[in-house]
Number of protein chains: 2
Amino acid sequence: MFISKTSEHALRILTYMALNYETQLSARNLFEELQIPKRYLMRLLTDLSKSGFIKAARGRNGGYVFARSLDTIYFSEIIDSVEGLLTFEGCVLGSTVCPVDKPCAMHQIWEKPKQTFLETLKSTTLADLRNGKNIRLKYSIKQIHH
Amino acid sequence: MFISKTSEHALRILTYMALNYETQLSARNLFEELQIPKRYLMRLLTDLSKSGFIKAARGRNGGYVFARSLDTIYFSEIIDSVEGLLTFEGCVLGSTVCPVDKPCAMHQIWEKPKQTFLETLKSTTLADLRNGKNIRLKYSIKQIHH
DNA sequence: ATTAAATAATACCTGTAAGTATTAATTTAT
DNA sequence: ATAAATTAATACTTACAGGTATTATTTAAT
Ligand code: SF4
Ligand code: SF4
């Protein structure tokens with residue numbers, strides 16, 4: 001499963017917004033582009049707003065823009081705010097308390113994929129979606145659903 | 001979230017069984033060792049049995065042993081049978097249909113952690129838990145919960 | 001001022017994963 | 001044969017993530 005559906009939504013929202021950094025986008029705009037269930041999308045936007053990633057302009061002609069610089073927003077922080085990072089950082093077998101000095105048979109095997117995953121989350125920001133360091137082409141979620 | 005709770009259970013069950021390959025283990029034995037909710041554990045054992053990883057001996061003095069050689073059981077197959085692998089292999093943003101020849105902004109960033117994860121699942125077998133290639137010490141889930 | 005168009009708050013509903021309960025079937029010890 | 005100890009099948013319940021609905025609030029165009 002990897003990440004929760006809600007995290008997927010959040011990442012899509014913020015990715016699209018990052019690629020349109022200069023434009024204020026309303027829930028309506030984002031709905032038309034991303035096709036996330038409308039009311040749920042609206043709630044998520046409010047959540048992301050409360051979390052301080054974006055800021056809302058209320059009332060007519062309202063919408064959302066980023067509240068912080070893109071290069072300060074790490075994927076780890078986004079996922080952390082949506083579903084928490086502890087489930088990723090903790091034991092892959094779900095053990096909440098474990099003497100890591102005495103690793104079980106599973107431990108070593110999962111270390112590499114786990115670290116690679118977390119490293120990427122912790123070292124990549126939304127700005128990296130724009131500056132081309134890590135990307136090839138334009139965001140294309142919408143036209144996927146044809 | 002990474003993998004489902006049920007996958008965690010399944011991995012713990014099979015890991016423990018792998019480290020006690022020679023011994024037939026009953027649901028009771030496994031419950032005492034792993035402390036997975038008893039009735040759920042029993043159902044999972046039946047599932048793992050149906051999936052062909054283990055085979056059941058019914059009736060008095062019954063229990064479970066592996067149905068196949070440990071070095072043929074890849075972690076990818078275990079997780080696939082429990083929750084499916086498609087959610088891992090597919091798009092990290094949850095898009096079911098995507099023109100991968102035209103990757104979106106997210107694609108490249110997730111490629112490495114995703115591949116590392118899948119590579120490990122697909123290249124590691126339960127036998128690797130025994131032969132020491134990948135492990136350091138003995139399984140120690142139980143004493144974790146003190 | 002009024003209305004329209006947006007976000008915010010809050011409560012509710014739904015689908016699915018996780019867990020429980022009950023009963024049946026199988027095997028072996030006595 | 002009977003009873004005990006096990007797995008199997010099936011249906012039910014619970015918890016929580018995901019999604020809806022309703023109403024309130026804010027802002028700007030008219
Ligand atoms: S040693 Fe085993 S139980 Fe402990 S954190 Fe590592 S994988 Fe989990
Ligand atoms: S290109 Fe984007 S939408 Fe398509 S599979 Fe890759 S991450 Fe998903």
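Since the model is a prediction, treat every value here as computed from it, not as a measurement. In what follows, chains carry the letters A, B, and so on, assigned in the order in which the sequence lines appear, proteins first and then strands, with residues in each chain numbered from 1.
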Taking [atom1] from [X] and [atom2] from [N], how many angstroms apart are they, rounded to a whole number?
X	N	atom1	atom2	value
Y40(B)	dA9(D)	OH	P	17 Å
F31(A)	dA5(C)	CZ	P	17 Å
K5(A)	dA17(C)	NZ	P	12 Å
L34(A)	dG19(D)	CG	P	14 Å
L25(A)	dT7(C)	CG	C1'	14 Å
L44(A)	dT7(C)	CG	C1'	14 Å
R39(A)	dC13(C)	CZ	P	15 Å
M42(A)	dT22(D)	CE	P	14 Å

*More than 12 heavy atoms of other residues, nucleotides or ligands under 6.0 Å from CZ of R68(B): is that the case?*
yes

*Map M1(A) and R28(A) onto DNA chain C by nearest heavy atom, then report which one ends up closer to the 5' terminus.*
R28(A)

*Would you kindly compare L45(A) and R60(A) by the position of their nearest DNA chain C nucleotide and give the one closer to the 5′ end?*
R60(A)

Has [X] got a side-chain N or O lying under 4.0 Å from the OP1 or OP2 atom of [N]?
X	N	result
T46(A)	dA8(C)	yes
Y64(A)	dA8(C)	yes
H9(B)	dA18(C)	no
T6(A)	dG18(D)	yes
S26(B)	dT6(D)	no

*asked:* By the 4.0 Å heavy-atom rule, please label K50(B) as base, sugar-phosphate, or nothing.
replied: sugar-phosphate

*Would you mind classifying the nucleic acid contact of K55(A) as base, sugar-phosphate or nothing, using non-hydrogen atoms under 4.0 angstrom?*
nothing

_So for R58(A) and dT25(D), does any side-chain atom that can act as donor or acceptor lie under 3.5 Å from a complementary atom in the base?_
yes

*dT20(C) base to R43(B) side chain: any donor-acceptor pair below 3.5 Å?*
yes

*Once the angle between the rings of F117(A) and F2(B) is folded into 0 to 90°, is it parallel (under 30°), tilted (30 to 60°) or perpendicular (over 60°)?*
tilted

*K114(A) side chain to E89(A) main-chain N or O, any donor-acceptor pair under 3.5 Å?*
yes

_Quick one about S4(A) and S7(A) (side-chain donor to acceptor, distance below 3.5 Å, no hydrogens or angles considered), yes or no?_
yes

*Using only heavy-atom distances, determine whether the side chains of N29(A) and S26(A) contain a donor-acceptor pair under 3.5 Å.*
yes

_Quick check on DNA chain D: between K38(A) and N61(A), whose nearest nucleotide comes earlier from the 5' end?_
K38(A)

